[in-house]
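If you read the sequence from its start, that first residue is 1, and numbering goes on from there.
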Amino acid sequence: MPFRSRLAVRGVQLALACGSLACDPDSAAEMNSSSPVAGTYEFRLCRVRCGARDEPNSLAIGRLVLSDTAIDTTAHIRSDSARAYLNLQDIWESDDGPANGCFLWDERRSSPPSYGVSRAGALVHWSAKGDSLFFRLYRSPDAAHTVSVLRTSSGFQGEGVSSGAGAAEVDWPSDVVLGRWIAGPDFSICSEAADTALAEFRDFMRNRHPLPKRLQK
């Protein structure tokens, strides 16, 4: 079943404790269904609830950028071979459409029970249906982390689900996903996320076997 349908039936009406991120009326931008989705968000992934930044249930804290247009990846890809490898891992493109957003973790726990922190950053494709937003934080041939959130007065909130097959199969609980709108789209974050993803990919490939010369630049 497509991840959008699968998560939609799970529902995202979570009873979330807001914590310091999403409930500050002085800093949170007021939004409604007619407000633009595009923007830069303070972004959090938590277990059970999002409280203080240093609480053990805080899995990752970073930034998310959602754009109304596709992001140009040509500056970061120097060969068709690299693009093919990166597309296979869903780092640049996705089955759902071209990259039109990105995320970059500034802090993340080491090896928590969530595929949502498997990458330090990446480009993503997001889509909307009514007040619901959908995107992936991770995908490999046998695993994924998919997000379904509802827009709120300050940004969005919902859940992230880790899933896998074979050796990657997991039975982890859903993550709490929280975002607070802070500004318009900051594409410098996406450039940093793209460079971070590419560096992680190269390290991963070097650890598995020597990287082909065509992928080293």
Side-chain angles (χ1 to χ4, degrees), residues 2-8 10 12 14 16 21-22 37 39-48 50 57-67 71 73 86-128 132-151 155-165 168-170 172-181 185-186 189-190 192-201 204:
F3 83 90
R4 182 186 304 180
S5 300
R6 177 170 168 267
L7 287 179
R10 291 174 63 94
V12 290
L14 303 180
L16 301 179
L21 175 68
V37 178
T40 301
Y41 295 79
E42 190 174 358
F43 190 41
R44 291 189 66 178
L45 207 65
C46 311
R47 180 55 36 79
V48 182
C50 286
N57 58 346
S58 181
L59 304 182
I61 300 173
R63 292 159 288 167
L64 174 77
V65 176
L66 303 180
S67 171
I71 294 173
T73 62
L86 291 167
N87 285 352
L88 178 65
Q89 296 295 320
D90 208 31
I91 295 177
W92 303 109
E93 311 289 343
S94 76
D95 294 338
D96 306 297
N100 56 0
C102 67
F103 72 93
L104 186 66
W105 294 128
D106 299 315
E107 304 173 24
R108 56 175 174 158
R109 279 177 51 187
S110 176
S111 302
S114 173
Y115 286 136
V117 297
S118 294
R119 295 196 177 103
L123 303 184
V124 301
H125 174 82
W126 68 273
S127 60
S132 297
L133 308 178
F134 308 90
F135 53 92
R136 291 188 181 100
L137 295 181
Y138 180 76
R139 193 199 72 173
S140 70
D142 58 357
H145 184 278
T146 51
V147 171
S148 177
V149 296
L150 286 175
R151 302 183 69 191
F156 57 76
Q157 65 182 36
E159 67 175 0
V161 178
S162 297
S163 61
E169 185 176 2
V170 294
W172 294 331
S174 300
D175 306 318
V176 174
V177 180
L178 209 59
R180 180 174 66 88
W181 194 94
D186 183 351
I189 296 173
C190 291
E192 187 177 354
D195 289 340
T196 297
L198 188 56
E200 280 193 330
F201 166 75
F204 171 74

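With rounding to the nearest 0.5 Å, the separation of OG in S114 from CG in D175 is 3.5 Å. The NE2 atom of H145 sits 8.0 Å away from the OG atom of S174 when rounded to the nearest 0.5 Å. In this structure, the separation between CG on L123 and CZ on F135 is 13.5 Å, given to the nearest 0.5 Å. Taking CG of L178 as the reference point, atom CG of L64 lies at 12.0 Å (rounded to 0.5 Å). With values rounded to the nearest 0.5 angstrom, E200 atom CD is found 9.5 Å from S118 atom OG.
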With side chain to side chain contact (heavy atoms under 4.5 Å, CB included) as the test, would you mind laying out the steps for S58 and E107 before giving the verdict? CA-CA 10 Å; S58 181; E107 304 173 24; over 6 Å; no
Could you walk me through whether L104 and R63 pass the side chain to side chain contact (heavy atoms under 4.5 Å, CB included) test, one step at a time? CA-CA 5 Å; L104 186 66; R63 292 159 288 167; 3.3 Å; yes
Is there a side chain to side chain contact (heavy atoms under 4.5 Å, CB included) between L66 and L133 once you walk through the steps? CA-CA 10 Å; L66 303 180; L133 308 178; 4.2 Å; yes
Passes side chain to side chain contact (heavy atoms under 4.5 Å, CB included), W105 versus F43? Steps please. CA-CA 8 Å; W105 294 128; F43 190 41; 3.4 Å; yes
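Across V170 and Y115, no two heavy atoms sit closer than the pair CG1-OH, 3.6 Å. Scanning both residues, R119 and L137, for their nearest heavy atoms gives NH1-O, 4.2 Å. Closest approach of A143 and A168 over heavy atoms only: CB-CB, 4.0 Å. Here the shortest heavy-atom pairing between G179 and Y41 reads C-CD2, 4.3 Å. Counting all heavy atoms, side chain and backbone alike, V117 lies closest to P112 at CG2-CG, 3.1 Å. Taking both residues in full, the closest heavy atoms of G101 and C190 are given as C-SG, 4.3 Å, listed atom of the first, atom of the second, then distance.
Annotation: side chain of F156 is not in contact with side chain of L150 (no heavy-atom distance under 4.5 Å). Residues T146 and F134 form no side-chain contact, since every pair of their non-hydrogen atoms from C-beta on lies 4.5 Å or further apart. Contact of the V161 side chain with the E159 side chain is registered, since non-hydrogen atoms from C-beta on lie closer than 4.5 Å. Side-chain atoms of V176 and V48, non-hydrogen and from C-beta on, never get closer than 4.5 Å to each other.
When atom types are taken as modelled, the side chain of W126 and the backbone of N100 share a donor-acceptor pair closer than 3.5 angstrom. Looking at T196, its side chain never comes within 3.5 Å of a backbone N or O of G121 through a donor-acceptor pair. Remark: side-chain polar atoms of H125 are not paired, donor with acceptor, to backbone N or O of A99 under 3.5 angstrom.
Just one residue in the list R109, R44, R108 forms a side chain to side chain contact (heavy atoms under 4.5 Å, CB included) with I61, and that residue is R44.
Under the rule for a side-chain hydrogen bond (donor to acceptor under 3.5 Å, both in side chains), N57 has no partner lying at least two apart in sequence or in another chain.
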